[in-house]
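No experiment lies behind these values; they were computed from the predicted model shown. Counting convention: from 1, in listed order, for ligands and their atoms alike.
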Amino acid sequence: MATLYLEPYLSTAVFLAALGTLEDRLKRLPASFQSRLRLTADCGAVNPMEWLAGQTLYPRIYWCGRDNEEEVAALGVCQDFRFESADDSGLATLLQQTATHTGNARLYGGVAFDATGPAWSEFGYARFVLPRIELTRQADHYRISVNLNSENAGLAAEREAALAALRGLLPPQPLPHRAPAAVVSHSDNPEFPRWQELVTQLTSADFNRHTPKVVLARQTRLDFERDLCPWSLLRRWQQLNPSCFQFGFQFGPGASFISCSPERLYLRRLSLLQSEALAGTARRGANEAEDTSLANELLADSKNAEENLWVKQDILTALAPLSEWVEAEAHPRIFKLAHVQHLHTSIHARLKRETGDLQLLQALHPTPAVGGYPRQSAMTFIRGHETEPRGWYAGACGYLSADETEFAVAIRSAYLQGKQVCLYAGAGIVAGSRPEAEWRELDNKLTTVLSILLDGKALA
Ligand SMILES: C=C(O[C@H]1C=CC=C(C(=O)O)[C@@H]1O)C(=O)O
Ligand SMILES: [Mg+2]
C-alpha cells in the first residue's frame, strides 16, 4: 500500500488501519456471497471533500444532507446505471429493484429536469452509481466502506477490483481559498429583452387562464482564464449556505455538476415521507430590521403566496393516491439563506405499502417550484421557449436505498466544463409577476455563487 502518500490524513494511523481491516476482510471473503456486499471500517476524521478531490478515480460524488448530520464522498464504480430517456424501462426496474435489495447499499445519482430534452454528455437523462468506495461522516463518526457486486465479473475479479481501488487511494487534497480566475466573458440566455417578452406572454390573461404558473429559467455562462476546481467552489459555497443540501457529481475529468440547494424533493424513511413547497422569494436585508421587514412583506405578498401554493397543492394532489395520509402546514414559514429568503411549507405523508421511489419520482418531479402548473402545459412552454437545455439543473439529485431515499431539487447549481461555468436560476411566473422584478430575483438567487466566483467584484 502507498503508505507514504497517506501521511497527510488527519489520523493517518487510524485510516491506514481501516484500509488494512478492509483488505484483510476482502482476502478472507467466502467463496460465495449474495449479489451485493459492503465492508465497512471506522477510519477516524478525514475531510470527505478534500479526500475526494485528492483521488484519481472517477466518478467522484459528494453529498451532504441539509441538516449536516451526514456527509458522503463516493468514489469509483461498483455498478453504474445510465439511462438516456425516461422511457427506458431499465430506470423503472432499477428504482423498483433498489427497494427490494437487502442491506444498506446506496445508489447516488440524479435525474435531469426534462425527460425529452438533450442530455449533457456523461450525465444522461438519469445516472445512478453504486460507488466502489465510500467515505462517510455521520455526526462525528467517520467510516470507510467498499462495495462489491458478485454479479459483475465473478468473485475473484471483483475482489481484485476492490483491492486495487483501496490500494490506489491517495491523500486528501487541501482546498485552499485561491484568488478566483479572471472572467474573460459572460452571457445570459435569455437576455433581458427576451425575458421581458416571455414574462409578458406568461402573464397575459389568456395564457394564465389555462397555465397559471411557469418557472422560467436563465442560463448565465461565464468563461474564465483558467480551469476551475468544482470542489473548491462547492467548499466555499457550502460555507456560505450550510443549511442547504450540498452535492457534486463528477463522472469524469471533463465536467461536473455542483449544487447548494435549499430545496428537498422528498426524504423517504421506510414509509414515512417528508416533502415541501419551497417557492416565493425576497432578498435578505442589509440589517436585521430591513431583513425582518422583507420577510414580513414576503409572508404577506399575494404573488409569492400563489407561487408557493401551486407547489403545495400539486404535491398534495400527487401524494394523495400514493399515501395512507398526507398533510401540509397551513401557512408558509420563512427559510433564510445567505442572500435570499423563501416561503417554505412542510408536507408529511405515510405512504401506502406499494408506493416506492419509482411512483414518488414520477408523481413529484418536476414540481411547480421548477416546472409549473399544470405540469404538461408548463413543460410544453419551457420546451418551446428556453433555448438552452437545463440538463440536471432543476432535476432531482440524491441517493436511493431500500430503507431511505432522499432527493434534493437541483437548483442553485453550476455545470462546470474546464474554464466554463454555466449557472442557472429560475423564477416562478404567475399573474402579477413583473419582468424587471423577476429578473432581479434571478440575480439575487445567483448572488452567493457569484460572490465566490468573482470574489466580491461585480460582473462587467
Ligand atoms: C427555480 C428556482 O427556484 C425555485 C425555488 C424557490 C423559489 C422560487 C421562486 O421564488 O421563484 C423558485 O420556484 C431556482 O433557484 O432556480
Ligand atoms: Mg419567485
message: Quick one about Glu71 and Tyr62 (side-chain donor to acceptor, distance below 3.5 Å, no hydrogens or angles considered), yes or no?
response: yes
- prompt: Taking atom types as modelled, is there a side-chain donor on Asn147 or Gln79 under 3.5 Å from an acceptor on the other?
  reply: no
- prompt: Tell me, do Leu216 and Phe381 make a side-chain contact under 4.5 Å, heavy atoms counted?
  reply: yes
Between ligand 1 and [X], is the shortest N or O to N or O distance under 3.5 Å?
X      : value
Tyr424 : no
Gly428 : yes
Val215 : no
Lys445 : yes

Considering the heavy atoms of [X], write down every atom of ligand 1 situated less than 4.0 Å from one of them.
X      : value
Ala427 : 11 (O)
Glu263 : 5 (C)
His342 : 6 (C), 7 (C)
Tyr393 : 1 (C), 14 (C), 16 (O)
Glu441 : 9 (C), 10 (O), 11 (O)
Thr281 : 7 (C), 8 (C), 9 (C), 10 (O)
Ala425 : 16 (O)

Within the side chain of [X], is there an N or O that forms a donor-acceptor pair under 3.5 Å with the backbone of [Y]?
X      : Y      : result
Glu276 : Arg264 : yes
Thr355 : Leu322 : yes
Glu329 : Ser346 : yes

- prompt: Name of the Glu307 N, O or S atom nearest the Mg ion (ligand 2)?
  reply: OE1
message: Below a 4.0 angstrom heavy-atom separation, can you tell me which part of Ile411, side chain or backbone, both or neither, approaches ligand 1?
response: side chain
- request: Let me see the working for Arg218 and Thr220 under side chain to side chain donor-acceptor pair (under 3.5 Å), right down to the final yes or no.
  value: CA-CA 6 Å; Arg218 181 184 81 191; Thr220 297; 3.2 Å; yes
message: Considering only residues two or more places apart or on different chains, which pairs with a residue in residues 255-294 satisfy ring pair (Phe, Tyr, Trp, His ring centres under 6.0 Å)?
response: Trp120-Phe257, Tyr266-Phe407
task: Any pair with a residue in residues 313-341 that passes ring pair (Phe, Tyr, Trp, His ring centres under 6.0 Å), sequence neighbours left out, goes on the list, sorted by first then second residue, please.
output: Phe335-His344
- prompt: Can you tell which of Ala369, Ala279, Ala282 gets a heavy atom nearest to atom 12 (C) of ligand 1?
  reply: Ala369
- request: Inspect the surroundings of CD in Glu288 and state if more than 12 heavy atoms from other residues, nucleotides or ligands are less than 6.0 Å away.
  value: no
- prompt: Taking both backbone and side chain into account, is any N, O or S atom of Glu441 nearer than 2.8 Å to the Mg ion (ligand 2)?
  reply: yes
Among protein heavy atoms, which sits nearest to [atom], and what does the distance come to when rounded to 0.1 Å?
atom                   : result
atom 2 (C) of ligand 1 : Gly426 O, 3.4 Å
atom 3 (O) of ligand 1 : Arg412 NH2, 3.3 Å
atom 6 (C) of ligand 1 : Leu278 O, 3.4 Å

query: Do the charged groups of Arg412 and Glu263 touch, with an N to O distance under 4.0 Å?
result: no
query: Has Glu438 got any heavy atom lying under 4.0 angstrom from an atom of ligand 1?
result: no
message: Which residue is it: Tyr424, Phe113, Phe249? I am looking for the one with a ring-ring contact (aromatic ring centres under 6.0 Å, His included) to Trp392.
response: Phe249
